[in-house]
Structure formats: C-alpha cells, structure tokens
Amino acid sequence: MNHAIKVLFVCLGNICRSPTAEGVFQQMLENAGLADAVKVDSCGTADWHTGKSPDERTIAAAAKRGVALEHLQARQFRAEDLTEFDFVLAMDRSNLDILHGAWSSAGGTEPELFLNYAPRQALEEVPDPYYGGEEGFEHVLDLIEDAGLGLLQAVRQKLEVTGACG
Ligand code: 4NP
C-alpha cells in the first residue's frame, strides 16, 4: 500500500503509550475512511521490549474502549524513521530529546510532542503509566483520544494540500 501520509508515535518502551496511540489513531482513521491513505506505526527509544506485545494493562485498558492492541509488537526507533514518516510524535520531552538528537544528525521530519495536538490540555507530556496503577492507563487513553482528534484534523489538512484526498 502506498500511503500518502505516515505517522509514527514514539515512547520509551513501546509497550504502553505509543502502541495505545497507534491503536486509537488507527481506529480514528478507519472511522474517518482514511485508513488507506495513512500509515500508522509506533516504536520506543529503548530496545528492552523488542518483539513483545503491549503491556497487559495497556491491552486491557484499550480493550475497554473497543481498541485491540494485542497484535502489536514492540520495536526500537531508528534514524531512518525520520525519513520515512511525515509526523514523528513523542509522548514526552525525554524521548523528544532523543529523537531531536537523531534528527540533528540524520535530518528528515522534525519530531514534536504529540500533545501539541491537544491544545486544551494543560499537560505537555503523556505521563509514563508503567510504574503506576490502572488509572494511569485510563489517563493515557484520555490524553491520546484528545490529541488524536487534533492530529486527525492536521492529517486531513495535509491530505488536502497534497491532493491525495477525495
Ligand atoms: P512506555 O512505558 O514508554 O509508555 O512503553 C514504559 C514501558 C516500559 C518501561 C518504562 C516505560 N520499562 O522500564 O521497562
């Protein structure tokens, strides 16, 4: 499939926040009829969980909102992602710093914070839920759903500009 736009979500382990964003945004695209035009992927800046499914708590929280994540497999970020993807969206500043380091030598798409697309949120970062309780995973989903709607608008605009839509 030749996708007009490619979106990459990045966190630390690629088992909690970024796979949640991948699954939620994929579903938003499907609901909007844009799944063929937009490719979505996620990765982690660390390689600790490469090849693993998302965290069980991540899978359970997303399933409650009708989003299936168990088929996803963690992978590590690579500098070539900055050339392949049109949106590179970090969940927090520490991961953004790592991506910026790669971008300053490799070039490509400049990474940004995902919550830039949720301007009504007071938070700038999606908090890491790994060491916390269940409510942290719900909060991650709330933030991702909000930013996902803003991102969908930005993706629509880009599709219109590139003439790839309708
Ligand atoms: P994520 O959360 O970056 O949202 O996937 C984490 C997952 C695993 C670890 C830390 C954060 N860890 O320390 O293994």
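For ligands, and for the atoms within them, numbers begin at 1 and follow the listed sequence. For the single chain, residues carry numbers from 1 onward in sequence order. In this text, all values refer to a predicted model and were calculated from it rather than measured experimentally.
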Under 4.0 Å, counting heavy atoms only: does M91 come that close to any atom of ligand 1?
no
Of all protein heavy atoms, the one nearest atom 11 (C) of ligand 1 is D128 OD2, 3.1 Å
side-chain contact (heavy atoms from CB on, under 4.5 Å) with F87: of L8, V40, I5, only one passes, and it is I5
What I want to check is whether the side chains of T109 and D86 have a donor and an acceptor closer together than 3.5 Å.
no
Looking at D146 and L143, would you say the former's side chain and the latter's main chain have a donor-acceptor pair under 3.5 Å?
no
The atoms of ligand 1 lying under 4.0 Å from a heavy atom of C16, numbered in the order shown, are 1 (P), 2 (O), 4 (O), 5 (O)
heavy-atom search around atom 13 (O) of ligand 1 in the protein gives Y131 OH, 3.2 Å
With heavy atoms and a 4.0 Å threshold, my read on which part of N14 contacts ligand 1 is backbone
Within the side chain of Q27, is there an N or O that forms a donor-acceptor pair under 3.5 Å with the backbone of V67?
no
- Does E138 pair with R57 as a salt bridge, N-O distance under 4.0 Å? no
S18, any N or O under 3.5 Å of ligand 1 N or O: no
Note: L159 and A37 closest approach over all heavy atoms is CD2-CB, 4.1 Å
Minimal heavy-atom distance between A74 and I15, with the atoms involved, is CB-CG2, 4.2 Å
One finds that the ligand 1 atoms under 4.0 Å from a non-hydrogen atom of G13 are 1 (P), 3 (O), 5 (O)
### Nitrogen or oxygen of H49 less than 3.5 angstrom from that of ligand 1
yes
protein heavy-atom neighbour closest to atom 9 (C) of ligand 1 works out as Y130 CD2, 3.5 Å
protein heavy-atom neighbour closest to atom 1 (P) of ligand 1 works out as C11 SG, 3.5 Å
Note to self: Would L12 count as being in polar contact with ligand 1, using the rule that some N or O on each side must be under 3.5 angstrom apart?
What the structure shows: yes
Practice problem: State whether D47 and R75 are salt-bridged, where the test is any N-O pair (Lys NZ or Arg NE/NH1/NH2 against Asp/Glu carboxylate O) under 4.0 Å. | Solution: no
